[in-house]
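What follows is a single structure, written as structure tokens, with notes after it.
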Amino acid sequence: MNDTPHLPPALATGVGSLPGTDAREAAKAATGSFEDFPHLPELPARGPGADMIGRTAGLLVELYARVEPSGWRIGDRPGRDTLRARSWLGEDLDALEEFTQGYEGLLKVQAVGPWTLAAALELKNGEAALSDPGACRDLAASLAEGLRLHLEEVRRRVPGARLVLQLDEPSLTAVLRGQVRTASGYRTHRAVDRQTVEATLRDVVGVHDGGPVVVHSCAPDVPFALLRRAGVAGISFDFSLLTERDDEVIGEAVEGGTRLFAGVVPGTDAPLSDPAGSVMGVRTLWRRLGLRPGLLPEAVTITPACGLAGASPGYVRSAYAHCVRAARSLADNPE
């Protein structure tokens with residue numbers, strides 16, 4: 001799409017979540033490892049409110065959520081769970097600000113997208129917001145306004161950064177296919193119309209006025225074409241889940257200027273091959289598609305396959321360094 005904000009080349013970055021509970025250590029890892037594309041870390045090990053749903057629920061405007069035994073439920077007023085989520089986000093932003101003094105360049109922040117949020121947040125009756133089209137609209141509007149304010153806050157703290165907004169949508173394919181289970185577990189919610197899904201995403205993407213938005217999903221069958229129509233500048237995915245039937249949409253995405261965030265490094269502790277070996281699949285895909293090798297560093301950013309919340313702190317440092325070396329290998333030797 002011609003009106004999609006351009007995402008400049010960047011070799012590697014992280015997905016979002018990290019292990020542990022120390023905001024300064026996490027910020028140090030994310031900014032020290034990726035000197036040209038750091039990200040705001042998330043630390044779900046701290047508990048409810050630091051998990052991805054609770055963290056994003058804390059961003060909502062005029063909608064609030066609290067923890068119930070079954071998960072996060074929309075409530076009438078901000079309670080301690082909302083306040084805790086906002087407090088931890090504030091800690092994370094303080095730490096990021098400390099380690100990005102004078103920084104000028106790309107900086108990524110993450111939040112859950114509207115459809116995964118609608119599949120996870122419960123209404124008062126215990127069913128997912130996904131079950132109610134009006135609730136989905138209200139949730140998306142609240143999220144959009146919350147993201148606008150969040151981006152303003154990050155700009156104020158790191159004024160030299162060019163912000164990239166990542167929307168985490170691991171449930172998007174399940175929403176489109178009618179695979180999200182009801183509260184009883186015996187049925188599934190009806191599939192949401194693709195045009196409705198696309199229009200809602202376009203509205204939320206549009207809140208980052210003039211800035212690039214990336215959608216991340218480490219689920220199979222990421223809907224590349226739908227996301228591109230919704231105006232995203234990049235799509236982040238687990239590279240190991242691609243099949244040859246994705247070739248056509250991948251080729252169209254690259255030729256249309258969509259940046260691929262290829263998750264090639266395992267998200268939990270695993271032996272790491274040599275960096276060139278980690279991106280061999282990317283080179284193979286490029287050859288199969290008949291794409292120009294010199295386009296690789298402009299079109300691909302290397303990441304872990306998913307968030308690293310389940311990894312050990314030592315592995316995080318190794319995985320992030322490995323992403324950078326693998327990306328450098330791809331740039332230096334695209335053939």
Side-chain angles (χ1 to χ4, degrees), residues 15-17 51-57 59-60 63 65 68 70-74 110-147 165-208 213-232 234-238 241-243 245-246 249 253 258 261 263 305-307:
V15 171
S17 65
D51 61 299
M52 73 176 199
I53 298 299
R55 185 180 181 88
T56 300
L59 293 173
L60 297 175
L63 275 180
E68 297 285 341
S70 53
W72 284 89
R73 183 170 295 183
I74 294 171
Q110 306 83 218
V112 175
W115 292 108
T116 295
L117 202 59
L121 278 183
E122 298 173 358
L123 301 173
K124 290 174 188 174
N125 65 4
E127 285 297 349
L130 190 64
S131 64
D132 181 335
C136 289
R137 284 193 295 273
D138 291 346
L139 192 55
S142 174
L143 174 64
E145 179 60 12
L147 288 172
L165 172 62
Q166 175 180 303
L167 298 174
D168 293 322
E169 282 283 15
S171 301
L172 183 58
T173 301
V175 167
L176 288 165
R177 291 183 175 175
Q179 294 170 338
V180 177
R181 295 213 163 270
T182 58
S184 69
Y186 295 122
R187 295 185 302 110
T188 55
H189 293 289
R190 193 178 307 165
V192 181
D193 176 73
R194 295 183 80 87
Q195 288 180 316
T196 301
V197 170
E198 183 185 321
T200 301
L201 279 167
R202 189 181 300 111
D203 288 346
V204 176
V205 165
V207 82
H208 190 17
V213 176
V214 176
V215 168
H216 167 73
S217 172
C218 39
D221 300 321
V222 176
F224 283 87
L226 183 151
L227 292 172
R228 290 183 57 231
R229 289 195 303 272
V232 307
I235 300 172
S236 170
F237 55 95
D238 180 343
L241 297 178
L242 286 187
T243 66
R245 70 170 183 268
D246 296 309
V249 289
T258 304
F261 285 65
C306 215

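- In this view, Ala120 and Ile53 satisfy the side-chain contact (heavy atoms from CB on, under 4.5 Å) rule, not counting sequence neighbours.
- Screening residues 132-144 for salt bridge (Lys or Arg N to Asp or Glu O under 4.0 Å) gives no qualifying pairs among residues at least two apart or on separate chains.
- In this structure Val222 satisfies the side-chain contact (heavy atoms from CB on, under 4.5 Å) test together with Ser217, Phe224, Leu227, Ile235, Phe237, sequence neighbours excluded.
- Nearest approach of Arg228 to Thr258, heavy atoms of both residues: NE-OG1, 3.1 Å.
- Partners of Arg245 under the side-chain hydrogen bond (donor to acceptor under 3.5 Å, both in side chains) rule, at least two apart in sequence or in another chain, are Asp221.
- Legend: residues meeting disulfide (SG to SG under 2.5 Å) with Cys306, ordered by chain and number and at least two apart, are Cys218.
- Between Leu60 and Ile74, every side-chain heavy-atom pair lies at or beyond the 4.5 Å cut-off.
- Here Ala140 pairs with Pro114, Thr200, Val204 under the side-chain contact (heavy atoms from CB on, under 4.5 Å) rule; sequence neighbours left out.
- Sequence neighbours left out, the pairs with a member in residues 110-124 that pass side chain to side chain donor-acceptor pair (under 3.5 Å) are Glu42-Gln110, Ser70-Glu122, Arg73-Glu122, Asp76-Lys124, Lys108-Gln110, Thr116-Glu169.
- Contact record, Ala219 with Leu241: C-CD1, 3.7 Å, taken as the closest heavy-atom pair.
- Nearest heavy atom pair, residue Val175 against residue Ala119, reads CG2-CB, 4.3 Å.
- Of all heavy-atom pairs between Glu127 and Ala183, the closest is OE1-N, 3.0 Å.
- Annotation: side-chain contact (heavy atoms from CB on, under 4.5 Å) contacts of Thr56 (sequence neighbours excluded): Ala111, Val112, Leu117, Leu143.
- For the pair Ala129 and Cys136, the tightest heavy-atom approach, listed with the atom from each and the gap, is O-SG, 3.4 Å.
- Applying the salt bridge (Lys or Arg N to Asp or Glu O under 4.0 Å) definition to pairs two or more places apart or across chains, none involves residues 178-196.
- Partners of Thr188 according to the side-chain hydrogen bond (donor to acceptor under 3.5 Å, both in side chains) rule, which considers only residues two or more places apart in sequence or in another chain, do not exist here.
- To the nearest 0.5 Å, atoms CZ (Arg229) and CD (Gln195) are separated by 8.5 Å.
- Taking each heavy atom of Ala128 and Leu123 in turn, the nearest pair found is O-CD1, 4.0 Å.
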Exercise. Please walk me through it: do Leu201 and Leu172 pass side-chain contact (heavy atoms from CB on, under 4.5 Å)?
Worked result: CA-CA 10 Å; Leu201 279 167; Leu172 183 58; 4.3 Å; yes
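- The distance from the OG1 atom of Thr196 to the CG atom of Leu176 is 10.5 Å, given to the nearest 0.5 Å.
- Listed by chain and residue number, Arg66 satisfy the side-chain hydrogen bond (donor to acceptor under 3.5 Å, both in side chains) test with Glu68 (two or more places apart in sequence, or in another chain).
- Scored by the side-chain hydrogen bond (donor to acceptor under 3.5 Å, both in side chains) test, Ser131 finds no partners at all (sequence neighbours excluded).
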